Q: 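Attaching a single structure in structure tokens format; questions to follow.
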Amino acid sequence: MELKSTENWTSPMIKRIAHIGVVVRNLKLSETLFTKLLGKTANHTGFVEQQMAHLSFYPIGESSIELIESTRPAESGSSMAKFIEKRGEGIHHICLEVDDIRSEMIRLKGLGFQFVEDRPSPGGVGCIVAFIHPKSANGVLIELSQRV
Ligand code: ZN
């Protein structure tokens, strides 16, 4: 099969993979594991109220690995807790950094992508985020993030 250039389809507004989100059951244990694996400690840790989750970021080049531990049980409706109950620990989402999240949402909606929520909301560290529903992206939850 010959792969055709898709240059015309690339968006100048998508800049890089900001991070890959990994859900874990126990953040402390996972921090120990990833500190060993990567040979460095997390450069940022914190609690995001919007997501009711504790996060740890490990920078790797231009990107990071984000470890996420939900503080809510699955019965509370937490999508992260439900995810871990159904699929176990593992890769949860890919975050793409964009210049202008609102115009990128308009562009992607125009191409048929569905968003979990219609508007961007506050994300982790000085950014606003929006999630593309996995059912419109081959089962992959995609987070768009814009620095503010
Ligand atoms: Zn994320």
Side-chain angles (χ1 to χ4, degrees), residues 9-148:
W9 287 90
T10 59
S11 164
M13 289 186 283
I14 292 178
K15 299 162 78 175
R16 65 185 174 108
I17 294 176
H19 62 261
I20 294 171
V22 176
V23 285
V24 302
R25 288 185 205 281
N26 183 315
L27 190 61
K28 283 279 155 270
L29 288 176
S30 300
E31 279 176 345
T32 305
L33 181 76
F34 274 80
T35 296
K36 274 190 221 161
L37 177 78
L38 301 170
K40 60 168 122 180
T41 52
N43 81 332
H44 181 86
T45 60
F47 181 72
V48 179
E49 202 161 331
Q50 191 87 6
Q51 299 171 28
M52 293 297 280
H54 290 285
L55 308 177
S56 282
F57 282 89
Y58 289 82
I60 300 164
E62 294 252 293
S63 306
S64 297
I65 290 178
E66 174 194 47
L67 302 180
I68 311 154
E69 181 196 324
S70 173
T71 59
R72 284 192 298 190
E75 306 82 65
S76 71
S78 158
S79 61
M80 232 128 28
K82 275 194 226 158
F83 179 96
I84 213 164
E85 200 168 79
K86 230 163 112 182
R87 302 214 231 168
E89 296 178 299
I91 293 178
H92 177 259
H93 65 272
I94 295 174
C95 178
L96 304 174
E97 186 182 328
V98 299
D99 271 334
D100 181 343
I101 197 165
R102 287 179 181 85
S103 51
E104 198 62 359
M105 286 176 81
I106 291 166
R107 183 184 76 86
L108 291 168
K109 281 179 188 172
L111 292 171
F113 290 93
Q114 293 171 42
F115 281 79
V116 174
E117 277 165 1
D118 256 348
R119 273 162 222 213
S121 55
V125 197
C127 61
I128 51 173
V129 301
F131 288 90
I132 298 173
H133 201 285
K135 72 183 169 200
S136 66
N138 282 166
V140 181
L141 178 63
I142 308 262
E143 176 181 19
L144 301 181
S145 171
Q146 178 195 333
R147 286 189 210 187
V148 285

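Start at 1 and go down the list; that is how both ligands and their atoms are numbered. These figures come from a predicted structure and were not determined experimentally.
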Q: Got a sec, which residues hit salt bridge (Lys or Arg N to Asp or Glu O under 4.0 Å) with E69, two or more places apart in sequence or on another chain?
A: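 For E69 there are no salt bridge (Lys or Arg N to Asp or Glu O under 4.0 Å) partners, ignoring immediate neighbours.
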Q: I68 pairs by side chain to side chain contact (heavy atoms under 4.5 Å, CB included) with which of L55, V24, I84, L27?
A: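 When side chain to side chain contact (heavy atoms under 4.5 Å, CB included) is applied between I68 and each of L55, V24, I84, L27, only L55 qualifies.
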Q: Are F115 and H133, when compared by the centres of their aromatic rings, separated by less than 6.0 Å?
A: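 Here the rings of H133 and F115 have centres that are no less than 6.0 Å from each other.
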Q: Return the set of residues passing ring pair (Phe, Tyr, Trp, His ring centres under 6.0 Å) with F47 (not counting sequence neighbours), or none when no residue passes.
A: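 Residues passing ring pair (Phe, Tyr, Trp, His ring centres under 6.0 Å) with F47: H54.
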Q: Within the structure provided, determine whether F57 and L67 are in side-chain contact (heavy-atom separation under 4.5 Å).
A: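 A side-chain contact is absent here, since even the closest heavy-atom pair is not under 4.5 Å.
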Q: Spell out the protein N/O/S atoms under 2.8 Å from the Zn ion (ligand 1) as residue plus atom name.
A: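 Protein N/O/S atoms under 2.8 Å of the Zn ion (ligand 1): H19 NE2, E66 OE1, H93 NE2, E143 OE1.
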Q: Not counting sequence neighbours, which residues clear salt bridge (Lys or Arg N to Asp or Glu O under 4.0 Å) with K82? List them please.
A: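 Checked K82 against salt bridge (Lys or Arg N to Asp or Glu O under 4.0 Å); zero matches.
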